[in-house]
Amino acid sequence: MNEVALHTFFYIDTCSRKEFISKKFTENRKTGRIQSMSEKVNRLKPNRPSPIELPKDPFYSGKQSPVEPAVDRLLNGEYVLVQDQFSVGMNILSALKKHLFGDDKKDSFKAYRGKRTKFHHSSNYLLAPIKNNRLALKKSPDIGWLEKLYPDVEDFHLPFPQVQGLNSAWQWYTKGIKYPVLKEKVYPYYGAYFPTRFDHLYLFDYWLKKYSGPKNTAIDIGTGCGVLSFQLLNRGVEKVYATDINPNAVISASEDTERLGLEDRLEIWQSDLFQVIDKSADLVLFNPPWLPAQNEITGLDSAIYYDPGLFERFFDSAGDYLAEKGRLVILFSNLAEVAGLEVDHPVEKELKSNSRFEKVKYVKRKVVKPSKKTKRRNHRTEEYVELWELKKQG
Ligand SMILES: C[S@@+](CC[C@H](N)C(=O)[O-])C[C@H]1O[C@@H](n2cnc3c(N)ncnc32)[C@H](O)[C@@H]1O
């Protein structure tokens with residue numbers, strides 16, 4: 001049992017829920033977990049792509065070099081340093097993609113995932129040079145993250161795909177995203193999860209609009225860029241406490257909260273599930289990762305893949321943070337099943353194996369098919385998102 005679970009287990013055994021939460025509040029005070037939001041955000045160290053130390057005699061590839069030798073080296077796990085201009089790196093990556101994927105569009109989900117893993121692995125050996133916190137390649141995009149995320153280093157090398165990731169993240173951050181369920185734009189920080197499809201947001205909004213029970217306070221576990229927390233506030237919830245395990249998500253949602261002047265109504269903390277929460281709420285909301293992890297999870301992967309035990313830990317604690325007439329709301333999807341992965345449905349499993357919660361409502365919504373242009377696999381065809389409204393038993 002990890003530290004948090006052990007902690008929770010001990011207190012539930014020895015005192016009532018109310019005492020447990022108030023003890024936690026006192027403890028948070030003692031350990032200094034209670035700080036102002038900006039104080040806390042300033043202390044957070046965001047995840048960023050790690051600079052790579054160049055080998056002594058790197059292989060260079062420039063405007064005049066043929067791409068094949070560079071592709072061979074990448075496949076061999078050897079570093080290739082891009083020279084001259086940005087498009088050199090782009091050309092090598094597209095040659096590598098062509099080499100691995102060919103023109104075959106009939107791969108199974110598993111075969112496709114294998115090729116994608118190989119591409120991910122090899123492409124990260126392609127390096128881009130950075131000088132004075134700017135890409136040292138002609139015709140490169142301006143990427144503000146190279147300054148913002150690297151105050152401690154000016155000249156370094158990053159894997160080319162990471163640079164591409166930083167570039168698109170900078171576009172989202174500077175231009176913002178307009179969600180159909182929100183009035184204001186959201187400006188996601190680098191490495192924070194933000195939804196690019198809206199099905200679960202519509203589903204949640206539909207449920208929230210109809211919900212007539214108490215909704216003064218809410219806890220949003222795994223807030224990402226904060227979109228569900230903002231929905232809660234828009235629909236009349238007075239105060240939201242949000243957590244995320246990823247520091248970049250906490251920075252992201254905190255920056256937007258400040259920009260919108262909502263600091264009094266939305267508090268965001270870096271925390272594993274409920275670790276730092278010391279209050280109960282009318283609504284406890286969790287839009288968890290939807291796929292079981294196959295490998296170790298780092299950074300943004302924790303938005304997509306869940307570790308074994310995540311849901312057990314969540315359900316072990318959730319009841320302690322739910323007010324008497326409160327509701328637990330979980331957003332999920334059948335993506336794992338559609339992808340051919342044999343796993344238990346975590347909510348169904350909890351309802352079947354324990355008698356802590358009972359189902360009040362279940363609603364689902366078919367996922368809008370991606371357009372032909374963006375369609376990659378057929379595995380999305382039958383996909384739907386679902387919302388589970390649960391209450392405590394007894
Ligand atoms: C699918 S995303 C949902 C983000 C956002 N709530 C939304 O609906 O767009 C899942 C989020 O849960 C966070 N997360 C994963 N494991 C967590 C944990 N143990 N404690 C807190 N947050 C976690 C991830 O970092 C990610 O931001």
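Whatever order the structure lists them in is the order used to number ligands and atoms, beginning at 1. Just so it is clear, the model here is predicted, and its values are computed rather than measured.
- No side-chain donor from either of E382 and N334 sits under 3.5 Å from a side-chain acceptor of the other.
- Close approach of ligand 1 to P195 (heavy-atom distance below 4.0 Å) involves ligand atoms 9 (O).
- Residue contacts with ligand 1: D272 is placed with a nitrogen or oxygen under 3.5 Å of a nitrogen or oxygen of the ligand (distance criterion only).
- Counting atoms of ligand 1 from 1 in the listed order, those under 4.0 Å from a heavy atom of L310 are 19 (N).
- Considering backbone and side-chain N/O of G222, one or more are found under 3.5 Å from N/O of ligand 1.
- Looking only at protein heavy atoms, the nearest one to atom 5 (C) of ligand 1 is T223 O, 3.4 Å.
- Y193 contributes no side-chain N or O that, together with a main-chain N or O of G222, makes up a donor-acceptor pair within less than 3.5 Å.
- Around atom 24 (C) of ligand 1, the closest heavy atom drawn from C225, G224, S302, A192 belongs to S302.
- Between the side chains of N124 and Q162, a donor-acceptor pair is found at a separation under 3.5 Å.
- When D307, N287, I245 are checked for heavy-atom proximity to atom 22 (N) of ligand 1, I245 turns out nearest.
- The protein heavy atom nearest to atom 20 (N) of ligand 1 is L273 N, 2.8 Å.
- Counting only N and O atoms by type, the side chains of D220 and S229 include a donor and acceptor under 3.5 Å apart.
- Between Y187 and R259, some side-chain heavy-atom pair lies under the 4.5 Å cut-off.
- For an aromatic pair to be called close, the ring centres must be under 6.0 Å apart, and H157 with Y79 fails this.
- The contact set between ligand 1 and H200, taken as ligand atoms under 4.0 Å from a residue heavy atom, comprises 7 (C), 8 (O), 9 (O).
- Ion pairing between a basic and an acidic side chain is recognised when a charged N comes within 4.0 Å of a carboxylate O; D142 and R134 show such pairing.
- Y190 and Y173 have their aromatic ring centers separated by at least 6.0 angstrom.
- Under a 4.0 angstrom heavy-atom cut-off, P288 registers as being in contact with ligand 1.
- Not one N or O of D220 is nearer than 3.5 Å to an N or O of ligand 1, by distance alone.
- Using cut-offs of 30° and 60° on the angle between ring planes, the pair W207 and F204 is parallel.
- Between F86 and F160, the ring planes are tilted. Angles from 30° to 60° get that label.
- Near L228, with a cut-off below 4.0 Å to any heavy atom, the atoms of ligand 1 are 6 (N), 8 (O).
- Residue S271 has at least one heavy-atom neighbour below 4.0 Å for each of these atoms of ligand 1: 20 (N), 21 (C).
- Considering only non-hydrogen protein atoms, atom 27 (O) of ligand 1 sits nearest to D244 OD2, 2.6 Å.
- Contacts between A303 and ligand 1, counted as non-hydrogen atom pairs separated by less than 4.0 Å, involve both the backbone and the side chain.
- Between F274 and the choices F314, W269, F315, F286, the ring pair (Phe, Tyr, Trp, His ring centres under 6.0 Å) rule is met once, by F314.
- Of the polar atoms of Y193, none of the N or O atoms is found under 3.5 Å from an N or O of ligand 1, judged by distance alone.
- When only interatomic distances are considered, the shortest N/O to N/O separation between I221 and ligand 1 does not fall below 3.5 Å.
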